Amino acid sequence: MFAAGFYIPAAIIRRMKTSEFSGFYKLGVSGRAREVAEFAGLSPEEEKALQSFSPLDAATADRMIENVVGCMPLPLGIAVNFRINGKDYLVPMAIEEPSVVAAASNSAKMARAKGGFTARAMPPLMIGQMQVIGLKDVEGAVRRVLAEKKRLLELANACDPVLVKFGGGARDVEARVIETNAGKMLIVHLIVDVRDAMGANAVNTMCESLAAPVEEITGGNVLLKILTNLANMRTVKASATFAKEALGGEDAVDRIVLAYQFAANDIFRATTHNKGIMNGVDAVVLATGNDWRAVEAGAHAFASITGRYKPLTIFWKNSDGDLEGVLEMPLAVGLVGGATKTHPVAKLAVKILGVKTAGELAEVIASVGLAQNLAAIRALATEGIQRGHMGLHARNIAIAAGATGELIDKVAARMVEERKVRADRAKEILDELVKR
Ligand code: NAD
């Protein structure tokens with residue numbers, strides 16, 4: 001479009017930025033890091049840090065948890081081709097399982113042909129719980145708590161002026177009664193807009209500060225005061241259309257819909273279906289230093305919120321014969337707090353993503369979850385998952401059997417060709433090759 005030597009303004013270069021790559025995997029570690037640095041505008045130091053395979057120093061690690069003796073590094077890969085809400089993203093994923101990053105990139109390419117993903121995060125509302133026990137008149141306590149809502153919200157907000165300054169803070173108080181074997185209890189919910197935080201510390205601090213006033217209002221004792229990981233007010237929806245041509249024809253679309261129906265009506269299948277989603281979700285959550293246990297707990301509770309455990313995605317065939325997919329799940333992730341601001345790789349991951357709010361991060365993660373799910377059920381419903389998976393898995397088996405350098409690929413290729421991807425066979429092939 002521009003003649004040679006023509007000046008292209010920086011703003012236009014930024015707008016032209018694309019996450020679409022073919023052959024990204026062929027570039028080698030430093031070639032890939034170069035592309036990522038270019039895309040994300042990393043400094044030379046950051047580009048170098050990205051390729052550091054032990055970036056966490058002892059002092060930082062020792063500050064993060066207790067009793068530190070070392071580190072457990074995981075590979076950091078980049079999923080390419082993602083376009084979400086019209087913006088291109090390179091997505092960092094930290095994961096030990098082969099084929100996840102490739103599968104996400106592949107699905108993102110398929111979605112791209114129809115405009116990519118559309119995603120929308122709900123406002124970042126988290127729920128804190130207070131358990132009130134020892135009440136004589138539980139129903140009366142519900143009424144008294146609700147009557148004091150305004151004061152409780154003011155007290156909660158007084159303990160986090162920073163959050164309030166950023167536009168967040170306590171928004172609402174709810175109260176209900178639960179019946180237990182130990183008698184009736186009053187459960188008070190504090191609803192907090194946590195802005196760009198995951199929110200656990202923010203919400204827990206507020207709940208602890210409300211314990212005394214709630215005891216004074218109700219005449220009971222406040223036992224537990226902690227957030228719930230069932231962040232059902234903080235859900236994200238991601239959707240995409242996958243063209244039938246990209247998926248391998250209308251027959252492939254029909255097979256994927258049938259595979260989805262299996263998951264929608266069978267808890268054993270639904271569990272594995274959702275595990276496939278979490279392959280993508282957790283890898284980005286982990287890469288950005290977020291709390292993947294919190295996300296996991298919330299995802300599975302949300303999957304069973306109707307009383308029946310269900311898939312987090314829905315797939316159907318549209319009137320053009322293309323596949324429509326939608327994922328909805330809670331995603332309590334943040335850009336401040338936790339390890340996001342302290343772990344050097346998490347900081348780089350956030351910079352590579354270029355996300356500006358926790359909501360935008362959640363929208364990316366949900367899109368990756370949908371992409372990952374589509375890749376898995378497409379493989380299962382068409383060629384079977386092992387063909388693609390075993391090729392990559394074979395390399396791990398070869399390494400475990402003792403192969404090094406170029407022997408890894410040779411041993412792996414032989415096992416795949418023979419369709420015997422096993423540790424004993426890897427050892428035999430390796431011995432044979434070494435003897436030659
Ligand atoms: P945090 O307390 O470290 O940071 C949040 C605080 O940062 C806010 O309270 C606010 O004061 C400040 N802040 C500055 N800029 C902000 C902005 N733009 N938006 C929002 N807040 C801003 O972190 P957190 O997110 O409250 O807690 C997350 C950590 O809590 C994670 O490490 C998680 O593992 C841990 N945790 C989880 C659980 C659980 O999931 N059940 C329980 C306890 C702790």
Side-chain angles (χ1 to χ4, degrees), residues 18-24 79-89 91 99-120 235-281 303 306 308-329 363-389 391:
T18 176
S19 65
E20 192 173 22
F21 279 95
S22 61
F24 187 73
V80 295
N81 302 328
F82 274 88
R83 173 168 289 169
I84 302 161
N85 297 334
K87 178 175 166 187
D88 275 30
Y89 295 88
V91 185
S99 82
V100 169
V101 178
S105 305
N106 195 26
S107 287
K109 190 171 197 168
M110 286 192 258
R112 222 180 152 85
K114 291 270 176 186
F117 297 85
T118 303
R120 174 127 194 271
T235 56
V236 195
K237 224 178 213 179
S239 57
T241 306
F242 301 92
K244 53 181 181 289
E245 297 80 15
L247 292 166
E250 204 156 336
D251 181 50
V253 175
D254 291 336
R255 283 163 165 269
I256 292 167
V257 173
L258 288 171
Y260 158 69
Q261 284 298 332
F262 179 12
N265 294 284
D266 180 85
I267 188 171
F268 291 92
R269 176 59 212 146
T271 306
T272 319
H273 181 101
N274 286 344
K275 191 274 179 184
I277 294 170
M278 301 314 284
N279 274 343
V281 167
T306 58
R308 197 157 69 82
Y309 186 88
K310 285 191 185 159
L312 294 165
T313 50
I314 301 176
F315 287 98
W316 73 95
K317 183 163 87 168
N318 69 18
S319 52
D320 297 328
D322 296 325
L323 184 74
E324 300 284 348
V326 177
L327 175 142
E328 187 180 10
M329 66 180 293
E363 286 166 354
V364 172
I365 295 173
S367 302
V368 175
L370 176 59
Q372 207 70 53
N373 188 214
L374 184 269
I377 52 175
R378 175 174 177 250
L380 283 167
T382 55
E383 66 199 22
I385 203 148
Q386 289 308 77
R387 204 180 88 185
H389 196 76

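Quick caveat: nothing in here was measured; it's all calculated off a predicted structure.
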* To do: In sequence, state the C-alpha distance, the side-chain angles, and the governing distance for Thr18 and Asp88, and then conclude on side-chain hydrogen bond (donor to acceptor under 3.5 Å, both in side chains).
  => CA-CA 6 Å; Thr18 176; Asp88 275 30; 3.1 Å; yes

What's the spacing between [X] [atom1] and [Y] [atom2] if we round to 0.5 Å?
| X | Y | atom1 | atom2 | answer |
| --- | --- | --- | --- | --- |
| Asn106 | Ser99 | CG | OG | 11.0 Å |
| Trp316 | Gln261 | CH2 | CD | 12.0 Å |
| Leu370 | Phe117 | CG | CZ | 5.5 Å |
| Thr235 | Arg120 | OG1 | CZ | 9.5 Å |

So which heavy atom on [X] is nearest to which on [Y], and how close?
| X | Y | answer |
| --- | --- | --- |
| Ser105 | Val101 | OG-O, 2.9 Å |
| Arg308 | Asn265 | NH1-CA, 4.2 Å |
| Ser107 | Ala371 | OG-O, 2.8 Å |
| Ala108 | Val80 | CB-O, 3.7 Å |

Side-chain contact, heavy-atom cut-off 4.5 Å: [X] with [Y]?
| X | Y | answer |
| --- | --- | --- |
| Leu323 | Met110 | no |
| Val236 | Ile365 | no |
| Ile256 | Phe242 | no |
| Leu374 | Thr313 | no |
| Leu312 | Asn373 | no |
| Asn274 | Met329 | no |

* **Lys317 with Glu250: basic N within carboxylate O range, under 4.0 Å** =>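 The answer is yes: the pair qualifies as a salt bridge.
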
* Kindly check if the number of other-residue, nucleotide or ligand heavy atoms within 6.0 Å of NZ (Lys244) is above 12? => yes

Counting distance only, does the side-chain N/O of [X] pair as donor-acceptor with the main-chain N or O of [Y] below 3.5 Å?
| X | Y | value |
| --- | --- | --- |
| Asn85 | Ala119 | yes |
| Thr382 | Ala252 | no |
| Arg255 | Ala381 | yes |

* Cut-off 3.5 Å, side chains only: do Asp322 and Thr241 have a donor facing an acceptor? ->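 The answer is no; no qualifying pair exists.
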
